[in-house]
Amino acid sequence: MDRNSTIGLVLIGLIITVFSVMNQPSEAEIKAAQKKEAAAAQKAEKKSNTEKKSVATTVRNTSNSSAIVAKGEITTLENNELRIELNSKGGMLAGVYLKKYKNYKDFAANKDNALCLFEDGDAHNQLVLSTAKGKIYTKDYLFELVKSTKTTAVYEAKFTEGLIRQTYQLKKGHDLAYNIEVLDNEGFILDNSVLNWAADFKKTERLFSEQRRVSTICFDQAESGLDYLSETASESGEAEENVNWVAFKQSYFSAILHPENPFPKKGTKFFIQNFGEGHPQAWTHLKGYHATMALDFQNNKASFNWFFGPNDYEVLKSYGSGYDDILNFGWGLFRWINIYAVQPIFNLLLNNGIAIGWAILILTIILKTILMPVQWKMFVSSVKMRILKPEIDELNAKYPKQEDAMKKQMEMMSLYRESGASPLAGCVPMLIQMPILLAVFRFFPAAFELRQKGFLWAEDLSSFDSILDLGFHIPIYGDHISLFTLLMAGTTLAYTYMNSGNMQQPQQPGMPDMRIIMYIFPFMMIFFFNNYSAGLSYYYFISTLLSIVMMLLIKYFFVNEEKLKVKMAERKANNAANPKAKKKSKFQERLEEMQRQQQEMLKNRKK
């Protein structure tokens, strides 16, 4: 591996390291969280009960036949995928349960409880309607259940200004139809009406900090497309265009509200709330999601579709509304690689009944096979630079002074051209691999297919694997030992050792020794990847192992170093025998011109 190849590899390593640091989940308070979780849950429950007993004071219009109530009755709708709880207080959506999925705690305990996105007391959807006397906030009013079946519930509330009807109809799959009607309207000013939707999503995954880190509000604007609030901090934002849909997103599940007519931009705003230390929901819930959406009533009616389901690419893509844009597959070229290359191959393997661990292995082999020409080019370049190393060392010894740097560079360029070698031949192929490396870095942590799927000693490839729980927390590293991370670091160290002979010593004072940097990098990976998806560490382990195997195969069976040395010597001799046949590159011509100008400047200074 020549110096430029090494620089390319270091650049990739640094970029992945930066990605790791930026995305590194904090585990500093996990043990404390486990001790506080039960107490925090009790506090949250007490707070919820207190809120239920209190009567809101924000309602200004009290001349209504519908009563303000402290507590309502729960009605349940069910299909094969969902269990929906509705509350007669406000006629609201109270709880959502996904019947075919489990949270991590139930998964580890082998319990068959449905996964709860949020429960009664965690969420509300209320209408805010303007009247001549003020505003009405419907979440505190009692709505009468006038119709109820296994999949349908109709709520009505009578006000002086008219009748409000809310209809919930559970459809097939993950969809809940929601309709709002204003009947006998004699005072509601519908042009100023808004829908407030808020929910505090519950913890569902093993690594709380990682799940919280990728949770936020996403919304699709009519012209500019997807936008979202901060994933790491509390943030508010307003719509700049009409909004096609709003998604409350966490790591592997989302709730998406899609209106029949887009939400008008005026009056539509969003807020994501982080639960800091001391908050009663800090250890039980992810974040607080809040959306205020202006409504576009048509004939006194507004219709919506609610999606409650997994962040599965195929499921979200099937809606044809851009829901799949919320997936954290990276941006630009990286996302394109994941969606049009990695994801289709991976799904094809899984759809043919291949187990998840073997699918990752086969995917890695396919990607490495595609990159085989690049690896070949890198190895040949590395061999050529190793052959030229004695001559390069002679040039460095011949021109030790800084003022002779231009002469040294010109003779090196001439040496490269005559022998058929290129210092960039190893760097460019390395840079070609970078988009795939970074794309996969985003793909596996976001791939729903890995969730709660085990392989070998890893019980859940979407989370870290642990062969030993330490019982105490080490800063940056965590409280466990990930074997896949150790294997990944070990193969990286072996690969570095195999190429260490090709690394050149720094020629100028102050330049870092690349060998030391390359040996430090595998140890840094142990810390940065210990809390990442086991599927990601497993992929990098297999990928590096295959790189070692491919390099050995190329070295011993396909590239004969002695023959290549003879071929380079013959080419150099031919160029020396026919100097007129040598064609200078534009780069070399520019170097010669720069050297000529430098020499003239030195002569002028001496005068």
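Ring geometry for Tyr178 against Trp306 counts as parallel: the plane angle stays under 30°, on a 0 to 90° scale with 60° as the upper cut. Between Phe464 and His480, the angle of the ring planes stays under 30°, which puts this pair in the parallel group of the 30/60° scheme.
With hydrogens and angles left out, the side-chain atoms of Gln211 and Gln250 include a donor and acceptor closer than 3.5 Å. Judged purely by distance below 3.5 Å, without hydrogens or angles, the side chains of Tyr101 and Glu81 never pair a donor atom with an acceptor atom.
The main-chain N or O of Ile474 is never found under 3.5 Å from a side-chain atom of Asp479 such that the two would form a donor-acceptor pair. Judged by distance alone, the side chain of His124 and the main-chain N or O of Gln126 form no donor-acceptor pair under 3.5 Å. For Thr485 (side chain) and Ile481 (main-chain N/O), no donor-acceptor pair under 3.5 Å exists by modelled atom type. Under the 3.5 Å distance criterion, the side-chain polar atoms of Asp122 are matched with a main-chain donor or acceptor of Glu119. Using modelled atom types, one side-chain atom of Trp245 and one backbone atom of Ser321 make a donor-acceptor pair closer than 3.5 Å. Between the side chain of Ser254 and the main chain of Ala247, no donor-acceptor pair closer than 3.5 Å is present. Side-chain atoms of Ser463 do not come within 3.5 Å of backbone N or O of Arg206 as any donor-acceptor pair. Without hydrogens or angle criteria, Tyr477 side chain to Phe528 main chain gives no donor-acceptor distance under 3.5 Å.
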Could you go step by step and tell me if Lys249 and Asn328 meet the side chain to side chain donor-acceptor pair (under 3.5 Å) rule? CA-CA 11 Å; Lys249 168 186 168 291; Asn328 290 41; 3.1 Å; yes

| task | Test ring-ring contact (aromatic ring centres under 6.0 Å, His included) on Phe484 and Trp457 and set out the steps. | result | CA-CA 9 Å; Phe484 275 133; Trp457 57 85; 4.5 Å; yes

**Message:** Walk me through whether Arg212 and Glu231 qualify under salt bridge (Lys or Arg N to Asp or Glu O under 4.0 Å).
**Reply:** CA-CA 8 Å; Arg212 180 172 279 171; Glu231 294 179 323; over 6 Å; no

### Task
Could you check Glu85 against Asn87 for side chain to side chain donor-acceptor pair (under 3.5 Å), going step by step and ending with a plain yes or no?
CA-CA 7 Å; Glu85 292 182 351; Asn87 196 329; over 6 Å; no

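The cationic atom of Arg335 (NZ for Lys, CZ for Arg) does not lie both less than 6.0 Å from the six-membered ring centre of Phe329 and within 45° of the ring axis. A cation-pi geometry, defined here as NZ or CZ lying under 6.0 Å from the six-membered ring centre and within 45° of its normal, does not hold between Lys102 and Phe107.
Results of the side chain to side chain contact (heavy atoms under 4.5 Å, CB included) test with Phe444 over Ile360, Val342, Asn338 single out Ile360 as the only residue that passes. No option in Asn125, Leu295, Asn179, Leu176 other than Leu295 meets the side chain to side chain contact (heavy atoms under 4.5 Å, CB included) test with Phe304.
Nearest heavy-atom pair, Tyr252 versus Pro445, reported as atom, atom and distance to 0.1 Å: OH-O, 3.0 Å. The minimum heavy-atom distance linking Asn274 with Thr232 is given by the pair ND2-O, 2.9 Å. In terms of heavy-atom proximity, His174 sits nearest to Pro310 at NE2-CD, 3.7 Å.
By the side-chain contact (heavy atoms from CB on, under 4.5 Å) test, Ser236 pairs with Phe271, sequence neighbours left out.
Between Lys265 and Glu238, no side-chain nitrogen of the basic residue sits less than 4.0 Å from a carboxylate oxygen of the acidic one, so the salt-bridge criterion is not met. Classification of Glu260 and Lys301 as a salt-bridged pair fails, no side-chain N sitting under 4.0 Å from a carboxylate O.
Here Phe441 and Tyr532 bring their ring centres to under 6.0 angstrom of each other. Aromatic ring centres of Phe201 and Tyr289 lie closer together than 6.0 Å.
Residue-environment remark: CD (Glu314) exceeds the threshold of 12 foreign heavy atoms within 6.0 Å.
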